[in-house]
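Here's the structure we're looking at; comments come further down.
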Amino acid sequence: MTGPSAPSSAPRTWLVLGDKLGDNAQVEIIAASLGWPCERRNLRFRAEFVLGKPPFKPSLYHLDQAQSDALEPPWPDLVLTIGRRPSMAALWIRDQSGGRTKVVLIGRPKRGIDDFALIVATPQYRLPARHNVVHLDLPLMRADPGRIAADAEAWRERLAPLPRPLTAVLVGGPTKPFVFDAAVTRSLIDLALRSTGGTGTLYVTTSRRTPDAVVDALRRHLPASARLFAWSPDASDNPYLALLGLADRFVVTGDSISMMVEVARLGRPLAIFPLPVGKSSTEALKRAVARKLHPEGGGGGLVAALGQRLYDLNLVGYSRDLTALHEKLYAQHLAVPLGEPFPDAPGNPPDDLPRVVKRIRALT
């Protein structure tokens, strides 16, 4: 993207990336629209922090520096990053530059909201209204239309014999505070079958986060007419992109932000299967407080002032609430809860990318 607001001289920009492909894709989408070259710094993490969460601070202690790209001067003017572990390195870079480097974070900060020049927050992140926070309607992720078209063509003959309508059921995995086990899987299957009236074909795909118990339950309880692709690291015939191009309608488990948003941005009929919440009073209280303190939560006056103070003192974390994303998709007529009729004419998803690019350019 180029335009009159692009700077006359390009700021030196680093993309500080981790090991989550979906996260990295959001950074790349923004970088491709800035109108200037960006340098990539790919990070790898020590074994204990590949899945574990390192205590948050500006540091490189959590990196496998031998496997990571070098972080050394000359320091960049601007860093774009996403996620807890890469953002720790990004703040370390800022400190090494004497505070000159400006850090743009996609997502939510663990703490220290003022440490970032700009935060790009989507509905699932309950961040307060601040001068350096951009609240988006939907995450920026989207599937590559060229890859969808290519895979759809490659799979067209294989899918053609299946009775229509073809309903793609895209399965993720458990994420706090939601439960996704064999019993929930059985509920998903039963509700999907009722919603489709038992007609056509269910084509179920799992992901790298899907537990073995869920895959086993799918194998046991899916009807003989259904198709199942169980993800594995060495699988070469993943039908996911082909289904995005060829399926008539979609069911997505409510834990998967990327799959929900990718289907919605294609304008395809989408039903969300919300996962049940685990029985934790602490988690319920956290979600209730975060919703009240969020800009759209209805709190004002003393509530807003108290909330701001709690955030400033790091006594309230910047929580994640996936149901807020579901509600956005429902409100914009981009999806329905599974069990309701599939939308015949989904709405047009908003595109916040130009607004994000404008705010980043304004930093340079």
Side-chain angles (χ1 to χ4, degrees), residues 16 18 20 22-27 29-30 53 56 79-88 90-91 103-142 172 175-178 254-262 264-265 272 274-275 277 282-299 304 307-308 310-332 334-335 349-353 355-356 359-360:
V16 175
K20 295 183 178 180
D23 282 357
N24 295 346
Q26 294 182 70
V27 178
I29 286 168
I30 295 173
K53 294 182 179 180
F56 190 88
V79 166
L80 273 63
T81 193
I82 187 170
R84 178 195 190 104
R85 296 166 300 164
S87 67
M88 291 167 59
L91 291 178
V103 178
V104 175
L105 175 68
I106 295 91
R108 62 170 172 172
K110 174 61 180 176
R111 61 173 179 80
I113 199 168
D114 290 325
D115 290 336
F116 299 92
L118 188 68
I119 297 170
V120 180
T122 44
Q124 72 269 26
Y125 296 123
R126 295 298 192 175
L127 268 65
R130 298 288 287 270
H131 68 92
N132 61 333
V133 177
V134 180
H135 290 279
L136 304 185
D137 282 321
L138 288 180
L140 298 172
M141 57 190 60
R142 60 207 68 197
T175 185
K176 192 176 181 180
F178 300 104
D255 60 280
S256 180
I257 296 170
S258 60
M259 292 191 295
M260 287 187 289
V261 173
E262 285 176 353
R265 287 201 181 279
I272 297 171
L275 300 178
V277 176
T282 301
E283 286 297 327
L285 178 60
K286 285 182 179 178
R287 291 196 306 276
V289 170
R291 277 178 172 251
K292 195 64 177 176
L293 299 180
H294 190 264
E296 298 179 1
Q308 190 64 65
L310 292 174
Y311 280 116
D312 291 342
L313 294 174
N314 293 319
L315 297 177
V316 173
Y318 307 118
S319 65
R320 183 182 72 161
D321 182 358
L322 289 178
T323 61
L325 178 57
H326 303 174
E327 291 163 5
K328 280 283 187 182
L329 291 168
Y330 301 152
Q332 295 169 359
L334 298 171
D351 187 1
D352 289 311
L353 182 57
R355 184 158 59 96
V356 172
R359 289 292 302 270
I360 294 174

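- In this structure a side-chain-to-backbone donor-acceptor pair under 3.5 Å is missing from Asp23 to Gly18.
- Here the shortest heavy-atom pairing between Val133 and Ala121 reads CG1-CB, 4.3 Å.
- Remark: His135 NE2 to Thr122 OG1 distance equals 10.5 Å, nearest 0.5 Å.
- Between the Arg265 side chain and the Pro349 main chain, no donor and acceptor come within less than 3.5 Å of each other.
- In this structure, Lys328 NZ and Met260 CE are separated by 14.5 Å, a value rounded to the nearest 0.5 Å.
- The side-chain hydrogen bond (donor to acceptor under 3.5 Å, both in side chains) test applied to Glu262 returns Tyr240, not counting sequence neighbours.
- The main-chain N or O of Leu140 is found under 3.5 Å from a side-chain atom of Arg142 such that the two form a donor-acceptor pair.
- When side chains are defined from C-beta on, Ile360 counts as touching Ile30, because their heavy atoms get closer than 4.5 Å.
- Considering only heavy atoms from C-beta on, Phe178 stays 4.5 Å or farther from Pro274 through its side chain.
- Between the side chain of Asp115 and the backbone N or O of Leu91 there is no donor-acceptor pair closer than 3.5 Å.
- Within the 4.5 Å cutoff, the side chain of Val104 has no heavy atoms near those of the Phe116 side chain.
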I would like to know whether Val120 and Gln26 meet side chain to side chain contact (heavy atoms under 4.5 Å, CB included); could you show each step before the answer? CA-CA 11 Å; Val120 180; Gln26 294 182 70; over 6 Å; no
Audit row: Asp352, Arg359, salt bridge (Lys or Arg N to Asp or Glu O under 4.0 Å) steps and yes/no: CA-CA 11 Å; Asp352 289 311; Arg359 289 292 302 270; over 6 Å; no
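- With contacts defined as side-chain heavy-atom distances shorter than 4.5 Å, the pair Met259/Met141 does not qualify.
- When atom types are taken as modelled, the side chain of Thr81 and the backbone of Val16 share a donor-acceptor pair closer than 3.5 angstrom.
- Shortest non-hydrogen contact noted between Pro109 and Leu127 is CD-CD2, 3.7 Å.
- In terms of heavy-atom proximity, Pro350 sits nearest to Asp137 at CG-CB, 3.6 Å.
- Using a distance-only test at 3.5 Å, with no hydrogens or angles considered, no donor-acceptor pair links the side chain of Asp321 to the main chain of Tyr125.
- Leu325 is listed as a side-chain neighbour of Ile257, based on a closest heavy-atom distance under 4.5 Å.
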Residues Glu327, Gln332; criterion side chain to side chain contact (heavy atoms under 4.5 Å, CB included); working and verdict: CA-CA 9 Å; Glu327 291 163 5; Gln332 295 169 359; over 6 Å; no
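- Counting only heavy atoms from C-beta outward, the side chains of Leu329 and Leu138 approach each other to under 4.5 Å.
- When all heavy atoms of Leu353 and Ile29 are compared, the closest pair comes out as CD2-CG2, 3.9 Å.
- In this structure, the side chains of Arg108 and Ile119 stay at 4.5 Å or more apart for every pair of heavy atoms.
- Shown here for Ser87 and Phe56, the closest heavy-atom pair between the two residues is OG-CE1, 3.4 Å.
- In this structure a side-chain-to-backbone donor-acceptor pair under 3.5 Å is missing from Thr323 to His326.
- Residues Thr175 and Leu322 form a side-chain contact, since some pair of their non-hydrogen atoms from C-beta on lies under 4.5 Å apart.
- Shown here for Gly172 and Asp255, the closest heavy-atom pair between the two residues is CA-OD2, 3.3 Å.
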